[in-house]
Amino acid sequence: MDIGKALHEQLASAHWLLEETMNGVTPEIFAWQPPGSAATIADNYLHTVVGEDQTLHGMLLGQIPLVSGAMAGKSGLSSAPAGAHGSPDWDQWVKSVRVDLPQLREYAKAVYAATDAFVTGLSAADLDRQIDLSGYGLGVQTLNWALYNFIIGHAAQHNGEISTVKGCQKLKGYPF
């Protein structure tokens, strides 16, 4: 199997598992604040989906993210994301944004499709391309590294948090 096909399969798997874990999440479950400093499902899911959109379109393609462009007003979000994840602006936005979950999940599908289309067209040489991530404190990395750490691995990590927060609510987290 070539690296592009492997990356494509990992991406599809990460998206599938995230969406399967989100099945059954109601607005109340989505917004429930776990004890301590753990983040809500809302924070984790919004960060994962919006982050993928911003990474793909903004960082890798130099385009306007779907949430601010083609899907503005159709993302299921009452307002555009504010600030970087974990910033006071982001935290305030997550607490105040009204979410239409079915519409948000349709936006997520559009983000996944865009990422899939991008990854499907990549060659091994493309994946070796260097990207300057110094602005994030990460130096120069390959496109393959960025895709795995900012999209695939990122989705898997936050999916684990979503599953845990569901479990804290006495719900089934992962679908298996």
Checking Met22 against Ile41 for the side-chain contact (heavy atoms from CB on, under 4.5 Å) test, could you report, in this order, the C-alpha distance in whole Å, the side-chain angles of both residues, the deciding distance, and whether it holds?
CA-CA 9 Å; Met22 285 295 295; Ile41 292 173; 3.8 Å; yes
Apply side-chain contact (heavy atoms from CB on, under 4.5 Å) to the pair Leu122 and His8, showing each step before the final yes or no.
CA-CA 10 Å; Leu122 296 175; His8 174 75; over 6 Å; no
Does the side chain to side chain donor-acceptor pair (under 3.5 Å) test come out yes or no for Asp89 and Ser87, once each step is laid out?
CA-CA 5 Å; Asp89 288 341; Ser87 71; 5.2 Å; no
Give the intermediate values and the outcome of side-chain contact (heavy atoms from CB on, under 4.5 Å) for residues Trp93 and Leu77.
CA-CA 10 Å; Trp93 175 73; Leu77 304 172; 3.9 Å; yes
Under the side-chain contact (heavy atoms from CB on, under 4.5 Å) rule, what do Thr40 and Tyr45 come out as? Steps first, then yes or no, please.
CA-CA 9 Å; Thr40 62; Tyr45 188 72; over 6 Å; no
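Side-chain contact check for Ile131 versus Leu60: some heavy-atom pair is nearer than 4.5 Å. Side-chain contact between Glu52 and Tyr112 is present, with at least one heavy-atom pair separated by less than 4.5 Å. In this structure, the side chains of Phe150 and Leu56 stay at 4.5 Å or more apart for every pair of heavy atoms. Contact check for Met59 versus Leu133: side-chain heavy atoms found under the 4.5 Å cut-off.
Note on Ile162: it does not cluster hydrophobically with Ile152, by side-chain heavy-atom contacts below 4.5 Å among ILVMFWY residues. Residue Leu18 is not grouped with residue Trp16 when hydrophobic side chains (ILVMFWY) are merged at heavy-atom distances under 4.5 angstrom, including chains of intermediate members. Neither Leu61 nor Val67 shares a network with the other; the hydrophobic side chains, linked directly or stepwise wherever heavy atoms of I, L, V, M, F, W or Y lie under 4.5 Å apart, form separate groups for each. Hydrophobic cluster membership differs between Tyr107 and Ile151, with clusters built from Ile, Leu, Val, Met, Phe, Trp and Tyr side chains linked at under 4.5 angstrom.
Residue-environment remark: CD1 (Ile3) stays at or below the threshold of 12 foreign heavy atoms within 6.0 Å. Other residues, nucleotides and ligands contribute at most 12 non-hydrogen atoms within 6.0 Å of the OH atom of Tyr136. Counted within 6.0 Å of CD1 on Ile64, heavy atoms from surrounding residues, nucleotides or ligands total 12 or fewer; the atom is thus considered open.
Nearest heavy atoms, Trp90 versus Ala84: CB-O, 3.1 Å. The shortest heavy-atom contact between Asp100 and Pro102 is OD1-CD, 3.1 Å. Summarising the geometry of Pro175 relative to Leu17, their closest heavy-atom pair is CD-CD1, 3.6 Å, with the distance given to 0.1 Å. Scanning all heavy atoms of the two residues, the minimum distance from Gly86 to Asp91 falls at O-OD2, 3.7 Å. The two residues Leu104 and Leu46 come nearest to each other via the heavy atoms CD2-CD2, 3.8 Å.
Annotation: the span from Leu127 atom CG to Thr142 atom OG1 amounts to 7.5 Å, rounded to 0.5 Å. A distance of 10.0 Å separates NZ of Lys172 from OG of Ser163, quoted to the nearest 0.5 Å. For the atom pair CE (Met71) and CD (Gln103), the distance works out to 7.0 Å, reported to the nearest 0.5 Å. Atoms CG and OG1, on Asp53 and Thr48 in that order, are 12.5 Å from each other to the nearest 0.5 Å. Within the model, atoms CG of Leu7 and CG of Leu147 stand 5.5 Å from one another, a figure rounded to the nearest 0.5 Å. Interatomic distance, OG1 of Thr115 versus CZ of Phe118, reported as 9.0 Å (0.5 Å rounding).
Side chain of Asn159 to main chain of Ala156: no donor-acceptor pair is present (N/O by atom type, distance under 3.5 Å, no hydrogens or angles).
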Donor-acceptor contacts under 3.5 Å from residues 27-35 side chains, at least two apart:
{"from": "Glu28", "atom 1": "OE1", "to": "Thr26", "atom 2": "OG1", "distance (Å)": "3.2"}
{"from": "Gln33", "atom 1": "NE2", "to": "Ala38", "atom 2": "O", "distance (Å)": "2.8"}

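Ring geometry for His154 against His158 counts as perpendicular: the plane angle is over 60°, on a 0 to 90° scale with 30° as the lower cut.
Applying the salt bridge (Lys or Arg N to Asp or Glu O under 4.0 Å) test to residues at least two apart or on different chains, the pairs with a partner in residues 7-25 are Lys5-Glu9, Glu19-Arg105.
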